[in-house]
Structures are given as structure tokens and as C-alpha cells.
Amino acid sequence: MDMTKKHDWGLIIAGILLVLCALLFLIAPSLTLVTITAIAGAAFLVSGIFDIANYVRFRSTMSLSGWALAYAILDIIIGLMFLIHPLAFSAVIPWVVGAFFIVFGVFEAIASFKIRNAGAQLWGWMLFSGIVSALCGLTFFIVPAAFSIFLSVFILMRGVSMLFYGWSTGRAMMV
């Protein structure tokens, strides 16, 4: 049995980087929103370009409609708007995520009642989760910087978890 203490330095370094990013996000929430907007803009732009390329390549073999092309063009327009004016559109990102959280929370709350009627045990937890999700989404609408703080706390928790996993990997291998 190998009794040396081995650590997963990849996890440790990744954890440290995530903790540092989380601290930066907490210190500068507005910068975080602008950065997320630019990243989302780049993703929309790349997605639109690939969708147009796929439309041109496969429109006859897959009988793609004009809606696929319209969707691709819309992705490019949104991507360019986010990239050209990330500061202006950084206010939109928390609202989009907030709307998603609200819709998800409402659907989860509704599903909890259906599950309760089916006799499931954990329907209360599902209802609670749906309410919390909807409230988080509402918070993102009222205080957009809360999205950045929420993201920071999530990344901080993930970074600390990775640090612990990386540090204790050797001990887990010895057992």
C-alpha cells in the first residue's frame, strides 16, 4: 500500500483559479456582467455563422426551411449587438437569466403539485426549489448585479470544492 500523500494538482490549480475569478466577480459585478455579455455575444455570433454554413450545405438534403436561415441571421444580429455594445446590453443578461429562472421555477412548482397528487414523497422540496428559483429570477430583474453575485457564490463554492477534492485525492486512493 502506497502511503505517500499524493494530490491532484490539476484540480487544486483549477480550484484556485475559480476562487480568484469568484473574488474578482464579487469585487466588480458590473465588469462581470459586461464580460458575460461579450462571451454570450461571441457564442451567438459563432452559432449563427455555423447555422448559416449548415443551412447552405444541407438545405436540399435535409429540406431545411427559411426559418432555419432566419434563426441563424437573428443569432448573428444578437451576437453583433452584444459584442459591439457589451456595456449597454449587460443589463439584458440578468433579465434573460431571470426570466429563465422564473419560468423554470413556476414549472417546477406546478410539477410538484402533480407529483404530490401521484403520491411522491419529495414534492415539498420540489415546490420549495421552484419558489426559490422564481424568487432568484425576480431578484435578477430588480437588482441586476445580484446575478453577478449569485454567479460569484456558485463559482466560489465550485472552486473550494475542487480544492478539497484535489487535496484529498491521494488520501482517497489509499483507502
Side-chain angles (χ1 to χ4, degrees), residues 5-51 74-112 122-175:
K5 291 184 180 180
K6 294 181 181 177
H7 307 291
D8 187 336
W9 290 103
L11 282 176
I12 292 171
I13 291 170
I16 290 170
L17 290 174
L18 283 176
V19 168
L20 292 174
C21 283
L23 294 175
L24 175 67
F25 292 172
L26 283 171
I27 292 168
S30 297
L31 178 63
T32 302
L33 293 176
V34 172
T35 304
I36 290 170
T37 302
I39 292 169
F44 275 112
L45 184 62
V46 169
S47 174
I49 291 169
F50 279 109
D51 286 346
L74 184 62
D75 272 354
I76 290 173
I77 291 170
I78 291 170
L80 288 173
M81 288 181 351
F82 279 19
L83 285 171
I84 292 170
H85 299 292
L87 187 60
F89 286 99
S90 65
V92 175
I93 296 294
W95 293 343
V96 170
V97 175
F100 172 78
F101 270 60
I102 290 169
V103 169
F104 179 79
V106 167
F107 280 119
E108 191 173 24
I110 292 169
S112 72
L122 297 175
W123 70 270
W125 176 255
M126 193 173 184
L127 175 63
F128 176 73
S129 175
I131 292 169
V132 169
S133 292
L135 289 175
C136 282
L138 187 61
T139 303
F140 299 160
F141 271 94
I142 297 169
V143 184
F147 173 65
S148 179
I149 294 167
F150 179 84
L151 184 64
S152 301
V153 170
F154 176 78
I155 291 172
L156 180 66
M157 290 172 30
R158 183 67 183 134
V160 170
S161 294
M162 290 177 81
L163 280 168
F164 282 119
Y165 297 152
W167 192 258
S168 61
T169 299
R171 292 187 193 117
M173 301 294 267
M174 290 188 289
V175 177

Which pairs of donor and acceptor atoms, one on a side chain in residues 9-28, lie under 3.5 Å apart (sequence neighbours left out)?
none

Acceptor/donor pairs from residues 77-106 side chains to any protein atom, 3.5 angstrom cut, sequence neighbours excluded:
| residue | atom | partner | partner atom | Å |
| --- | --- | --- | --- | --- |
| S90 | OG | L87 | O | 2.8 |
| W95 | NE1 | F141 | O | 3.4 |

Taking all non-hydrogen atoms of both residues, which atom of M126 and which atom of A111 are closest, and how far apart?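 For M126 and A111, the tightest heavy-atom pair comes out as CE-CB, 3.7 Å.
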For the atom pair [atom1] ([X]) and [atom2] ([Y]), what is the distance rounded to the nearest 0.5 Å?
X: S161; Y: L156; atom1: OG; atom2: CG; result: 9.5 Å
X: S112; Y: F107; atom1: OG; atom2: CZ; result: 13.5 Å
X: F50; Y: I76; atom1: CZ; atom2: CD1; result: 11.5 Å

Table please: side-chain donor-acceptor pairs of residues 33-48 below 3.5 Å, with sequence neighbours left out.
| residue | atom | partner | partner atom | Å |
| --- | --- | --- | --- | --- |
| T35 | OG1 | L31 | O | 2.8 |
| T37 | OG1 | L33 | O | 2.7 |
| S47 | OG | D75 | OD2 | 3.3 |

So, do W125 and F128 have ring centers that fall under 6.0 Å from each other?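 Distance test on ring centres: under 6.0 Å, yes.
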